[in-house]
Amino acid sequence: MLDKKYNHKEVEKGKYKKWLEKEYFQSGDKSKDPYCIVIPPPNVTGKLHLGHAWDTALQDIIIRYKRMDGFDAMWLPGMDHAAIATEAKVVAKLKKEGINKYELGREGFLEKAWEWKEEYAENIRKQWAKLGLSLDYRKERFTLDEGLSNAVKEVFVRLYNEGLIYRGERIINWDPEAKTALSNEEVIYKEVKGAFYHIKYFIEGEDDYLEIATTRPETLLGDTAVAVNENDERYQKYIGKNVILPLLNKKIPVIADQHADPEFGTGVVKITPAHDPNDFEVGERHNLERINILNEDGTMNEKTGKYQGLDRFKARDEIVKDLEKEGLLIKIEEITHNVGHSERTGVMVEPYLSKQWFVKMRPLADRILENQKNKETKVNFVPARYEKTMNHWMEITYDWCISRQLWWGHRIPAWYKGEEVYVGLEKPKGEGWKQDEDVLDTWFSSALWPFSTLGWPNETEDLKRYYPNNVLVTGYDIIPFWVNRMTFQALHFTNQRPFKDCLIHGLIRDKMGRKMSKSLGNGVDPMDVIDTYGADALRFFLTTNTAPGMDLRYDEEKVKSAWNFINKLWNASRFVLMNIEDIDNIDYEGKDLSIEDKWILTKLNETIKTVRTNMEKYEFNNAGGALYKFIWEDFCDNYIELSKSKLNNATTKKVLLKVITDILKMLHPFMPYVTEEIYSKLNVKEAESIMISSYPKYNKKEVFEEKEKLDKVIEDITNIRNLKVTNNITKEAGISLKAEKEVEDIYKNMLKITYENLNKEKEGEKYEYKSPYINIVYFQKGKEIDKNILKTEIEKLEASINKRKKLLANENYVNKAPANVVEQDRKKLKEEEEKLERLKEQL
RNA sequence: GGGCGAUUAGCUCAGUUGGUUAGAGCACUUGCCUUACAAGCAAGGGGUCGGGAGUUCGAGUCUCUCAUCGCCCACCA
């Protein structure tokens, strides 16, 4: 028997371990159709947050549903080495211990990083277990493991040989804190206060000057030209002349270039090819020298004379001071503008000239855009609008900078000897080859995740069976980083989409709608929530409180509400278990079913249909809502109450058992622990675990037309209760009752009418309620009847009838609206008119 | 500047291809310790769907427009 109250800690205890021991999570039954999800690999940088809990709960719901529904369901776990993020953490940890990364050296550092990885991976597995995720751990992968590293190398080499990977000197986004290049996607633009510094650039040998505005005055040390637009009449006369670069007193030319916009600022632009992507292009066009003025750590380098060694911001201050001293500073105009920051370290990124490896994106992106036009082969986004996000990024894409000046990651498979470059899977033969020191962007390996985890480039059984994956579940913020890249790599290397569907969810926010972040300190640890309310309540909250693709606010009250729902389920189950001890099968006979049995079985089947439809559409909010309503209202409030007077009837008991079994099964993907606990206590069950039982199927034979009748009876009961409450009818009131035989007891039980008060006295005011199935009168002495309520109701009803009559008199409506809709209206009108009759009689 | 989303009850959110009287949870009112559950039961109150225009027999739902908020992208010398 169940305890009196639902206790999530007791319920969850030991279950996950048992599931693992029984190997329920394992895939591979070849007699079934395959269904595969690969987990978005969490970074081995720390704890899982609520966003992970949400993301994985969604996947677990899908995979458990599919497993119960007869698929060979495979959910592949794994983790991401998260190159820059992890390296930053390990560096910080070492720093605390007084160890410098560079003193440690590459090998020593990697050893520490692997130690870190093991520790955090184990922690993540523990959290997955707490959440109850049915992952097939035999398939677990790590982006840096041998197989995946081979896949990475293979892809790099092949793209290189196809001309889709190249090495070149470009302006990239430089993170001076992590001392590495970043991709455009890893740069976050934030609005900051800054200034336009207006500076005089004197014309060589003249008293005249050009006024130039810049937000980064320190870069003037790297200027190699000044540009104006050739159509700009103000400046045409200067083209071809030289200006004197302030502070350095160096001659640089005035050139004509379309980059200078006469409408913007003063119309004159300083050109710093080594520190601005646009200027870089101008430099290319005019063959200008590229002068890099920065060190890797963001300090000024040896080319900057007296400023050498100063931090870039300190140097800016000094330069502005010096300009002012020399009378070259015209004004400082304060502005707010968007400046790029590193996604990981948060520092301002520096556009920086550097030799890096790039993926040539245009052909790969076009492949996606082309493929998305084909309904049969495209990635189906849910909600569909997110396809636009992917397409948009693919339309504007830049070449992808993939090299990172880090140690933790896949080392670039390129070797150099003098001017020679060799790219291959292995070190080339011969002496003197030196491998590239850099590693690859972490997303380069995660882009291969859907197929590299299944064994690609080898033609493995798993790859044949589980690829493409059925669905990928992730947040919309990850589309540009990951979904896009998986898609073009998959199309390029496997000629298929990586997954058929892509279920997108939003971001988790705090109760006030703010993003959860460390700096705000508003983060919620899912493990704390599980401790307080249990994994089942957390999962139900996360997956049923929002429509697909929308953000979700974390609200403890709602988790509590989920807990209450589970407690309700618990108690309903308790009631059933208390009363079915002598039942050893659920094979009831159709002829033995009462009207209430038929009613609940019909409702059950309607619910199964709705739930299944919504599970297939990933609309778990609707599936959860339908279950909530069915369980609480139909089953608990009505069927259980109705069953209480029939507990000596074996059929009633069997129906109770049948319904609670199907309820548990349908809820299982949402709340695995509690459903398993209750299921284990059932007398009759098809499997030793609910996990491997079958998902309920819609059964047309158990849909009965008597359902309509009981719906009406229940409506009557509500109305009669309302009549009693609004008129203060007491227990002592006399009752006269006439009801249809089949439903008479239902009225009596639900209205708590006993023989004592039936026909007891028939004096006093009459309170009457009539319907097709019942005619009941309450007699209460010494009370005036408040007929106002009745009058209002009649007025309302009359208004509704008039409206409907008018509608049905409208030829346009009758001719154009679907027949069933019109028929519904006619039926409704008839009912309303009958009801009006009855009410008028009572007046 | 471009795109996307949101705007529905006091709060947080649903509302599927346009079709009865727009739903839920929490909060609120009233009455109940009825032996599955007081973290519960019963009965209620509360919104005209951001504003405006249009299409339609019929609009929360489709179109246009305006407003506010949020996100993404671009610009930012």
Side-chain angles (χ1 to χ4, degrees), chain A residues 2 4-6 189 191 194 196 212-216 219 226-227 259-261 264-272 276 278-279 282 335-340 383 385-386 388-389 392-393 395-396 476-477 479-480 506-507 511 513 515 541 544-547 549-553 555 557-558 560-579 613-614 617 619 621-622 624-625 628-629 636-637 640-641 644 717-719 721-726 728 750 752 796 799-800 803-804 807 810-818 820-822 824-825 827-829 832:
Chain A
L2 299 178
K4 190 154 179 190
K5 249 183 201 172
Y6 163 56
Y189 287 87
E191 205 161 74
F196 264 133
I212 288 177
T214 177
T215 53
R216 294 188 296 154
T219 61
V226 163
H259 171 55
D261 177 0
F264 190 91
T266 61
V268 191
V269 198
K270 62 196 254 337
I271 302 299
T272 323
D276 181 281
N278 288 315
D279 294 4
V282 177
I335 55 160
T336 52
H337 58 157
N338 286 325
V339 179
R385 65 173 181 274
Y386 285 109
K388 286 186 207 158
T389 306
H392 175 67
W393 273 90
E395 278 155 14
I396 61 159
Y476 59 70
D477 54 327
I479 293 172
L507 263 36
K511 205 182 167 180
K515 224 165 151 175
F541 159 73
T544 63
N545 269 283
T546 186
M550 304 298 289
D551 289 350
L552 172 65
R553 294 189 189 200
D555 183 350
E557 287 301 317
K558 291 203 175 190
K560 227 181 241 179
S561 163
W563 191 98
N564 286 351
F565 176 48
I566 298 171
N567 189 48
K568 187 75 183 173
L569 171 74
W570 182 265
N571 276 292
S573 306
R574 203 166 152 257
F575 174 82
V576 175
L577 286 169
M578 282 168 78
N579 291 294
T613 307
N614 284 298
K617 293 196 292 186
E619 292 187 5
N621 56 329
N622 289 339
Y628 189 97
K629 199 172 153 71
C636 293
D637 293 345
I640 285 185
E641 289 307 318
K644 281 179 179 172
I717 290 165
T718 300
N719 289 338
R721 283 169 173 165
N722 185 12
L723 178 82
K724 287 177 70 182
V725 169
T726 49
N728 266 319
M750 296 299 267
K752 302 210 185 303
K796 262 193 195 164
S800 177
K803 204 173 139 194
R804 211 175 299 277
L807 187 63
N810 184 335
E811 270 180 47
N812 267 326
Y813 172 69
V814 177
N815 293 335
K816 289 184 184 175
N820 61 320
V821 174
V822 179
Q824 282 265 336
D825 263 312
K827 200 174 147 199
K828 187 76 193 171
L829 180 65
E832 282 178 331

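Every chain is numbered from 1, with letters handed out A, B, ... down the list of sequences.
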Practice problem: Quick one: list whatever passes side-chain contact (heavy atoms from CB on, under 4.5 Å) with A/Glu557, sequence neighbours left out. | Solution: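 A/Glu557: side-chain contact (heavy atoms from CB on, under 4.5 Å) contacts with A/Asp555, A/Lys560.
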Self-check item: side-chain contact (heavy atoms from CB on, under 4.5 Å) partners for A/Lys629, two or more places apart
Solution: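 For A/Lys629, the residues satisfying side-chain contact (heavy atoms from CB on, under 4.5 Å) (neighbours in sequence not counted) are A/Glu633.
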Quiz item: Using a distance-only test with no angle check, is there a side-chain donor-acceptor pair under 3.5 angstrom linking A/Thr219 and A/Lys270?
Solution: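 A pair is found: one side chain offers a donor N or O, the other an acceptor, under 3.5 Å apart.
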Looking only at heavy atoms, what is the nearest atom pair of [X] and [Y], with distance?
X	Y	value
A/Thr546	A/Asp551	OG1-O, 3.4 Å
A/Thr266	A/Ala213	OG1-N, 4.3 Å
A/Ala227	A/Ala260	O-CB, 3.8 Å

If the [atom1] atom of [N] is compared with that of [M], how far apart are they to the nearest Å?
N	M	atom1	answer
B/C13	B/A39	P	27 Å
B/U48	B/U21	C1'	12 Å
B/U61	B/U17	C1'	11 Å
B/G45	B/U29	P	15 Å
B/C69	B/G50	C1'	11 Å

Quiz item: Mapping A/Asn545 and A/Ala572 to their closest nucleotides on RNA chain B, which lands nearer the 5' end?
Solution: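 This one resolves to A/Asn545.
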Would you say a side-chain N or O of [X] is under 4.0 Å from OP1 or OP2 of [N]?
X	N	result
A/Arg385	B/C4	no
A/Lys644	B/U35	no
A/Thr718	B/A42	no
A/Arg721	B/A42	no
A/Asn722	B/G44	yes
A/Lys560	B/A39	no
A/Thr546	B/A14	yes

Quiz item: Which of the following nucleotides, B/C37, B/A77, B/U34, is nearest to the side chain of A/Lys752?
Solution: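 Of the candidates, B/U34 comes closest.
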Exercise. Give each stem of RNA chain B as a range with a range, requiring at least 3 consecutive Watson-Crick or G-U wobble pairs whose two distances are under 3.5 Å.
Key: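 Output for stems: B:1-7 with B:67-73, B:10-13 with B:23-26, B:28-32 with B:40-44, B:50-54 with B:62-66.
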Quiz item: Under the 3.5 Å rule, do the base of B/A14 and the side chain of A/Glu619 count as making a donor-acceptor pair?
Solution: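 Such a pair does not exist between side chain and base.
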Quiz item: Per the atom types in the model, does the base of B/C4 pair as donor or acceptor with the side chain of A/Lys388 at under 3.5 Å?
Solution: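 Answer no: no donor N or O sits under 3.5 Å from an acceptor.
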Quiz item: A/Arg553 CZ to B/C69 C1': how many Å, rounded?
Solution: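 It works out to 11 Å between those atoms.
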Quiz item: Quick one: A/Tyr476 OH to B/G70 P, roughly how many Å, whole number?
Solution: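 Atom OH in A/Tyr476 sits about 13 Å away from atom P in B/G70.
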Quiz item: Are any of the side-chain heavy atoms of A/Thr544 and A/Tyr628 separated by less than 4.5 Å?
Solution: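 Contact flag for A/Thr544/A/Tyr628 side chains = no.
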Practice problem: Evaluate the side-chain proximity of A/His259 to A/Asp279: yes if any heavy-atom separation is below 4.5 Å, no if none is. | Solution: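 Counting from C-beta outward, A/Asp279 and A/His259 do come under 4.5 Å.
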Quiz item: Is A/Asp637 touching bases, backbone alone, or none of the nucleic acid, heavy atoms closer than 4.0 Å?
Solution: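 If one applies the 4.0 Å heavy-atom cut-off, A/Asp637 turns out to touch the sugar-phosphate alone, with no base involved.
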Practice problem: Would you indicate what A/Lys617 reaches in the nucleic acid, counting non-hydrogen atoms under 4.0 angstrom: base, sugar-phosphate, or nothing? | Solution: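 Answer is base: heavy atoms of A/Lys617 come under 4.0 Å of a base.
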Practice problem: Could I get the full list of side-chain hydrogen bond (donor to acceptor under 3.5 Å, both in side chains) partners for A/Thr613, not counting sequence neighbours? | Solution: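 Partners of A/Thr613 under the side-chain hydrogen bond (donor to acceptor under 3.5 Å, both in side chains) test: none.
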Practice problem: Quick one: list whatever passes side-chain hydrogen bond (donor to acceptor under 3.5 Å, both in side chains) with A/Trp393, sequence neighbours left out. | Solution: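 Not a single residue meets the side-chain hydrogen bond (donor to acceptor under 3.5 Å, both in side chains) criterion with A/Trp393.
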Which atoms of nucleotides 21-27 of chain B (N or O only) lie under 3.5 Å from a protein N or O atom, and what are those distances?
| residue | atom | partner | partner atom | Å |
| --- | --- | --- | --- | --- |
| B/U21 | O4 | A/Lys828 | NZ | 3.4 |
| B/G25 | O2' | A/Ser561 | OG | 3.1 |

